[in-house]
Every structure is written in C-alpha cells, then in structure tokens.
Amino acid sequence: GNRMNRNYQKELEKIIEENQKQGKIPRLFLHSCCAPCSSYVLEYLSRYFEITDFFYNPNIFPREEYEKRTEELKRLIEEMPLVHKPVFVEGRYCPEEFFEMAKGLEQAPEGGERCFHCYRMRLEETARMAAEGGYDYFATTLTISPLKNAGKLNEIGEGLEKIYHVKHLPSDFKKKNGYKRSTELSGEYHLYRQDYCGCVFSRQERERQKQEQKEKLLRSTL
C-alpha cells in the first residue's frame, strides 16, 4: 500500500486493543535513541507491553556523548513510575561500524540516504535481537521526532519483519501530542537534551546552522 496515507498510530492502537481484548501483555523489544524520545514512548507503551529498552546507537559521537545518553536513559527508566518496569539493555558501541556504513554518504543531507542507512542498521540489530530473544514485537522510538521520516522507518521495520520473523510494531509516536509530551517529561526529569541527532555529520550540520544564525543576527544589527 501507499505509505503516504497510512496512519501508523491508528494501526498501533488497533494492535493494542486486540491484545487487551485477549488479556495479553506482549513482550516488546524497543530500540531507544535517547532518554528524551524514550520518555513518552515508555510512558505510553509500558501500560500494554513488557518492554526491554535497547540502547544501540553506534552513530553517536563522541564517546562522552554516547555515555552521557546511556546514563540518562538508565536513570529515566529507574525514576519513571511505570506499570510494567522496562528492562534496560545496552547494545555494542562500535562507531567504526557506523563510519563503515556511512562511507560515500558523508555529504548526504541530514534526513536523507545516510540517515536511512543508519535507521536500517539500528533497526536490523533490534529485529535480530528481538527474534533471538523470542519477543512478540520490535519497534523504535525514532518515529517520535518530527525530523525523522516515520514512513521510511516503518517501511524498514516491515521489511525486517519478513527477514527475522518477528512482528514489527507500527508507530508514529509524534502523533497524539507525543513529541510535546516528551518535552514536558524531559523537563520533569531534567533530562539532558542534545541539540544534534547524534552522529558527527549531524553535529557539523548543527554547528553550521548556528554559525549562519549568528551571522544573520550580526547583519541585522549592523
């Protein structure tokens, strides 16, 4: 079907409703990109799923940044009063695997081909681990970001479902004020909010934008 007019949030609600009717609390292997994005997703989904929260982000640069984000997610999981307490699992941190994947795509614009490869890399590891652990579903918190392509993320997830034979949970977490709620929760738990997605390329992009804004401001005051 055409992914442009699919409502992934409605599809998710239908799945939740079905499981609720059957009295099931399925096991979900959830890829998390960072604590702020995970806050709302955990608050929402932990009522209906037993969640293992999987922090696998070899794209994050530098290592200090990676460690900071890991610690924040662990702290959030400990502090949030959730119905079903999520379990934290850390993936491998091999930045060289990310750079290997990004070869030849260094100049690709933010939100383009390089990012799609990066989504794929993280989602594939998630699907593989979910299948290995006998989980009912796998998903990612990435669809909460207004800057991330939710259609593409769901398309990748559905492709991986066929390969790994574990169900992909459709999502568009920014719907139903999800993104807004994540900023509220970030404030409530004093979560560290980074100003770039994570990789060195997004960081450079951010620096460039900041520089441009500064110059603009200078010009307007002259």
Side-chain angles (χ1 to χ4, degrees), residues 3-9 31-44 55-73 75-76 79-80 93 95 98-99 101-123 140-156 171-222:
R3 71 166 196 258
M4 290 311 291
N5 42 30
R6 277 177 62 185
N7 185 329
Y8 297 105
Q9 174 60 32
H31 166 261
S32 266
C33 51
C34 63
C37 288
S38 306
S39 60
Y40 162 74
V41 179
L42 292 174
E43 178 183 67
Y44 174 33
F55 191 75
Y56 170 65
N57 301 288
N59 54 306
I60 297 176
F61 187 86
R63 180 176 282 275
E64 298 79 61
E65 178 74 21
Y66 172 83
E67 280 163 7
K68 203 166 173 181
R69 293 195 200 186
T70 312
E71 288 315 310
E72 282 294 81
L73 185 56
R75 178 172 71 83
L76 176 72
E79 291 180 9
M80 273 186 111
Y93 179 55
F98 169 77
F99 286 116
M101 181 247 21
K103 266 199 179 128
L105 295 166
E106 291 87 353
Q107 300 309 314
E110 190 70 6
E113 211 47 49
R114 185 189 56 248
C115 297
F116 296 165
H117 282 359
C118 182
Y119 299 166
R120 164 90 200 199
M121 181 182 188
R122 290 184 279 171
L123 270 165
T140 178
T141 58
L142 283 165
T143 66
I144 195 166
S145 165
L147 301 168
K148 302 276 182 288
N149 186 324
K152 192 72 187 170
L153 284 158
N154 280 285
E155 182 191 300
I156 292 168
S171 77
D172 192 355
F173 294 123
K174 65 180 167 292
K175 291 272 167 71
K176 286 180 76 179
N177 281 325
Y179 181 70
K180 184 170 170 285
R181 180 67 184 142
S182 77
T183 59
E184 283 167 13
L185 285 164
S186 296
E188 219 172 287
Y189 289 94
H190 310 291
L191 295 177
Y192 158 66
R193 286 183 73 84
Q194 65 287 352
D195 71 349
Y196 67 103
C197 170
C199 77
V200 66
F201 308 111
S202 63
R203 192 167 156 180
Q204 286 161 353
E205 174 78 7
R206 194 74 196 95
E207 292 306 319
R208 198 165 63 240
Q209 285 168 352
K210 281 193 212 156
Q211 196 49 43
E212 276 169 17
Q213 277 161 349
K214 257 191 222 144
E215 284 163 12
K216 225 177 174 163
L217 254 156
L218 274 172
R219 280 200 302 274
S220 67
T221 53
L222 289 176

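Just so it is clear, the model here is predicted, and its values are computed rather than measured.
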Closest non-hydrogen atom pair between [X] and [Y], with its separation:
{"X": "A35", "Y": "L76", "answer": "O-CD2, 3.5 Å"}
{"X": "A108", "Y": "R114", "answer": "O-NH1, 3.0 Å"}
{"X": "M80", "Y": "S39", "answer": "CE-O, 3.4 Å"}
{"X": "I156", "Y": "R120", "answer": "CG2-CA, 3.9 Å"}
{"X": "D172", "Y": "K174", "answer": "OD1-NZ, 2.8 Å"}

Going through the checks in order, is the salt bridge (Lys or Arg N to Asp or Glu O under 4.0 Å) test met by E184 and R181? CA-CA 5 Å; E184 283 167 13; R181 180 67 184 142; 3.0 Å; yes

With a 4.5 Å heavy-atom cut-off, do [X] and [Y] have their side chains touching?
{"X": "H117", "Y": "M121", "answer": "no"}
{"X": "T143", "Y": "N154", "answer": "yes"}
{"X": "N177", "Y": "Y40", "answer": "no"}
{"X": "N149", "Y": "E155", "answer": "no"}
{"X": "P58", "Y": "R122", "answer": "yes"}
{"X": "K210", "Y": "E207", "answer": "yes"}

Quick one: [atom1] on [X] to [atom2] on [Y], what's the gap to the nearest 0.5 Å?
{"X": "S202", "Y": "Q194", "atom1": "OG", "atom2": "CD", "answer": "9.0 Å"}
{"X": "I144", "Y": "K175", "atom1": "CD1", "atom2": "NZ", "answer": "13.0 Å"}
{"X": "Y179", "Y": "L147", "atom1": "OH", "atom2": "CG", "answer": "7.0 Å"}
{"X": "L191", "Y": "L185", "atom1": "CG", "atom2": "CG", "answer": "8.0 Å"}
{"X": "K68", "Y": "C34", "atom1": "NZ", "atom2": "SG", "answer": "13.0 Å"}
{"X": "S182", "Y": "Y44", "atom1": "OG", "atom2": "OH", "answer": "14.5 Å"}

Can a cation-pi geometry be assigned to K152 and Y119, taking NZ or CZ under 6.0 Å from the six-membered ring centre and within 45° of the ring axis? no

Identified side chain to side chain donor-acceptor pair (under 3.5 Å) partner of R69 from the options E65, E72, E71: E65

For E215, I'd like to know if atom CD has over 12 heavy atoms of other residues, nucleotides or ligands within 6.0 Å. yes

Looking only at atom types and distance, does a side-chain atom of [X] sit under 3.5 Å from a main-chain N or O of [Y], one as donor and one as acceptor?
{"X": "S145", "Y": "L142", "answer": "no"}
{"X": "R75", "Y": "Y189", "answer": "yes"}
{"X": "N57", "Y": "S32", "answer": "yes"}
{"X": "E43", "Y": "V41", "answer": "no"}

Taking the six-membered ring for Trp, are F201 and F98 parallel (under 30°), tilted (30 to 60°) or perpendicular (over 60°)? tilted

Give a yes or no on whether the ring-centroid distance for Y93 and F55 is below 6.0 angstrom. no

Option passing side chain to side chain contact (heavy atoms under 4.5 Å, CB included) with K148 (candidates C37, C33, C197): C197

I'd like to know whether Q209 forms a side-chain hydrogen bond (donor to acceptor under 3.5 Å, both in side chains) with R206, so could you lay out the CA-CA distance, the side-chain angles of the two residues, the decisive distance to 0.1 Å, and finally the verdict. CA-CA 5 Å; Q209 285 168 352; R206 194 74 196 95; 3.0 Å; yes

